[in-house]
Amino acid sequence: MYDPEEYINAYEQIEHGKARLSAMRAAIEAADANNDRPYQFYFRIQLCKESTFYVDYMDMLVMFPELLTLADKYPDTPTTRFNNGFTDSLDHVLWCYKWVLGACDDFYQIPMEDCEKFFEDFKRRSIAYGYNLKPYYRQKYYFYDKIDRKKADEAFYDFERTPRDGNADCRACERNTEIRFYLNKGNLKRAEQLAKDIENQTLRCGNDNTAWLRLKGIYLDHYMKTGNLEEALKYCRIIERSARKQREHQRWEDLICCYAHADIGKALKLYKEHWKELQEVREPDSAFAICFNLSHFFKLLSENRTRSTVKLPLDTSFPLYREDGQYKILDLYEFYYKTAEDIAKKMDARNGVTYYQDLLEKGINLK
């Protein structure tokens, strides 16, 4: 006999990732077969959440259109006891829609016109439901940050001045957005003032240290961009100690790149441990960052070793796989650089700018 709670108990026993996604798909099929509308919504929302926070956006992007179709057909569907806090299932879908907007700048496969349609559709649905546009402006800031700085700034200030309502993101997440903006503007004093409540964990995202770790990642990004190795290493060590069991915060490519300037042996050890999970990333924006950082690492490795080769535990899934495990360091540098270059051209072509190619040309200059 069909019991949705049994499906929830089953997939919650599975470690986060692809296996849990498969179990969630089985739950969706069961809810569909039994026309259980609240759980048709709920299980799809849970899959989107799992994809967004524990795998990558890809499965969420495939599933979300089904959620919108359900929302349009059955807008008054009640929530289940597991997703209370939302007025109805449509309210919960609007919350998830923000994840779609957040994915738009990560995939060159989503045409610009489709990205703009997503934003306008979210805007229309939010207003129709009675919400304001604070999360719309927040996501618009992130989207245009790599495309049009003027539009990004305008969106941020609209976000900043719009009051919070029932569809606003958590206060800690919003605060981290503000901190990121002011750091990028070079206003460290303002950023530090805003960071105090997250540092002392007065502001939290959920019941763990997620907001605090996101803050550390924002500062790591800032110091890597500004070329401050000493400060970047400080945040690398914090993230490495704190994030080993939290996939969202695992920034192995950044850690490898930073450590390569101070301890090439440690950087090599981290690469050997994490090369495969980095190779499997499907989001082009993240894949660009990974390949960009790893090409820099192998360039430094070639300069710090007397031998031109390195022995690595790569398997047959790696494009340059060699049975003897011996790899020319410059071949690895070229592989990662050319992969980053290919993604950069595709991302920039979609966006109509040269943002990613400019990053490649500028390179990484940590001192």
Side-chain angles (χ1 to χ4, degrees), residues 217 219-241 243-244 249-348 354-367:
Y219 272 94
L220 173 59
D221 286 339
H222 171 71
Y223 287 117
M224 286 188 72
K225 285 177 185 174
T226 55
N228 188 329
L229 176 61
E230 184 178 352
E231 287 297 315
L233 284 169
K234 181 171 80 174
Y235 288 98
C236 277
R237 295 183 186 109
I238 292 170
I239 290 170
E240 184 185 9
R241 286 196 303 269
R244 281 193 173 271
H249 308 289
Q250 292 173 358
R251 305 274 297 270
W252 301 118
E253 69 277 9
D254 291 326
L255 271 59
I256 290 166
C257 181
C258 284
Y259 284 138
H261 289 265
D263 185 345
I264 198 74
K266 179 166 187 173
L268 181 58
K269 180 176 181 291
L270 286 177
Y271 176 79
K272 289 177 178 179
E273 290 174 356
H274 301 287
W275 72 270
K276 192 172 182 67
E277 64 204 76
L278 294 173
Q279 188 70 26
E280 291 174 348
V281 168
R282 295 182 294 178
E283 296 170 20
D285 178 73
S286 298
F288 169 83
I290 288 166
C291 293
F292 180 41
N293 279 282
L294 293 184
S295 69
H296 185 71
F297 158 63
F298 280 112
K299 184 178 180 183
L300 290 176
L301 186 65
S302 72
E303 294 169 358
N304 280 273
R305 285 173 71 99
T306 54
R307 294 179 61 188
S308 63
T309 62
V310 60
K311 189 170 180 62
L312 297 171
L314 311 181
D315 63 30
T316 54
S317 68
F318 190 72
L320 304 185
Y321 172 73
R322 289 180 57 87
E323 193 171 340
D324 63 5
Q326 292 288 344
Y327 297 86
K328 290 183 180 179
I329 298 171
L330 289 179
D331 285 350
L332 294 165
Y333 159 75
E334 265 192 41
F335 165 73
Y336 282 113
Y337 185 88
K338 286 181 177 178
T339 304
E341 185 178 45
D342 179 61
I343 297 170
K345 289 177 180 176
K346 290 174 179 175
M347 292 294 286
D348 284 341
T354 58
Y355 174 87
Y356 288 91
Q357 291 170 90
D358 291 345
L359 283 179
L360 263 183
E361 186 175 339
K362 182 182 176 183
I364 296 171
N365 187 24
L366 285 168
K367 304 184 233 187

Looking only at heavy atoms, what is the nearest atom pair of Cys291 and Thr339, with distance?
SG-CG2, 3.6 Å

Could you state the interatomic distance from CG (Asn304) to CD1 (Ile264), rounded to the nearest 0.5 Å?
5.0 Å

Spatial distance of atom CD (Glu341) from atom CD (Gln357) [nearest 0.5 Å]
7.5 Å

Once you round to the nearest 0.5 Å, how far does CG of Asp254 lie from CD1 of Ile364?
8.0 Å

Inter- and intrachain pairs under salt bridge (charged side-chain N to carboxylate O under 4.0 Å, His left out), touching residues 284-297, at least two apart
Lys146-Asp285

Could you walk me through whether Tyr356 and Ile343 pass the side chain to side chain contact (heavy atoms under 4.5 Å, CB included) check?
CA-CA 8 Å; Tyr356 288 91; Ile343 297 170; 5.9 Å; no

By side chain to side chain donor-acceptor pair (under 3.5 Å) - contacts of Glu283 (at least two apart):
Ser286

Parallel, tilted or perpendicular, judged at 30° and 60°: which one describes the rings of Phe292 and Phe288?
parallel

At their closest point, which heavy atom of Met224 faces which heavy atom of Cys257, and how far apart are they?
CE-SG, 4.2 Å

How long is the span from the CG atom in Leu220 to the CD1 atom in Ile238, to the nearest 0.5 Å?
9.5 Å

Ring-plane angle category for Trp252 and His274, please: parallel below 30°, perpendicular beyond 60°, tilted otherwise.
parallel

Throw together a table of side-chain donor-acceptor distances under 3.5 angstrom for residues 327-337, partners on residues two or more places apart or in other chains.
unit_1 : atom_1 : unit_2 : atom_2 : d
Tyr327 : OH     : Arg322 : N      : 2.9
Glu334 : OE1    : Lys338 : NZ     : 3.3
Tyr336 : OH     : Tyr271 : OH     : 2.8

Pairs involving residues 290-319, ordered by first then second residue, that meet salt bridge (charged side-chain N to carboxylate O under 4.0 Å, His left out) (sequence neighbours left out):
Lys276-Asp315

I need the Asn293 CG to Leu255 CG distance, nearest 0.5 Å.
10.0 Å

Does Lys346 have any side chain to side chain donor-acceptor pair (under 3.5 Å) partners at least two apart in sequence or in another chain, and if so, which?
Asp342

Tyr259 meets the side chain to side chain donor-acceptor pair (under 3.5 Å) criterion, sequence neighbours left out, with Glu240

Salt bridge check: are Arg251 and Asp221 linked by an N-O gap of less than 4.0 Å?
yes

What closest approach, in Å, do Ala287 and Val281 show between heavy atoms, and which atom pair accounts for it?
N-CG1, 4.0 Å

Would you please test Lys234 and Glu230 for salt bridge (Lys or Arg N to Asp or Glu O under 4.0 Å) and show each step?
CA-CA 7 Å; Lys234 181 171 80 174; Glu230 184 178 352; over 6 Å; no

Calculate, to the nearest 0.5 Å, the distance between atoms CG and CD belonging to Leu312 and Gln326 respectively.
8.5 Å

Over all heavy atoms of both residues, which pair between Tyr321 and Leu314 is shortest? Give the atoms and the distance, please.
CE1-O, 3.3 Å

Here the pair of heavy atoms bringing Leu233 nearest to Cys258 is CD2-O, 3.8 Å

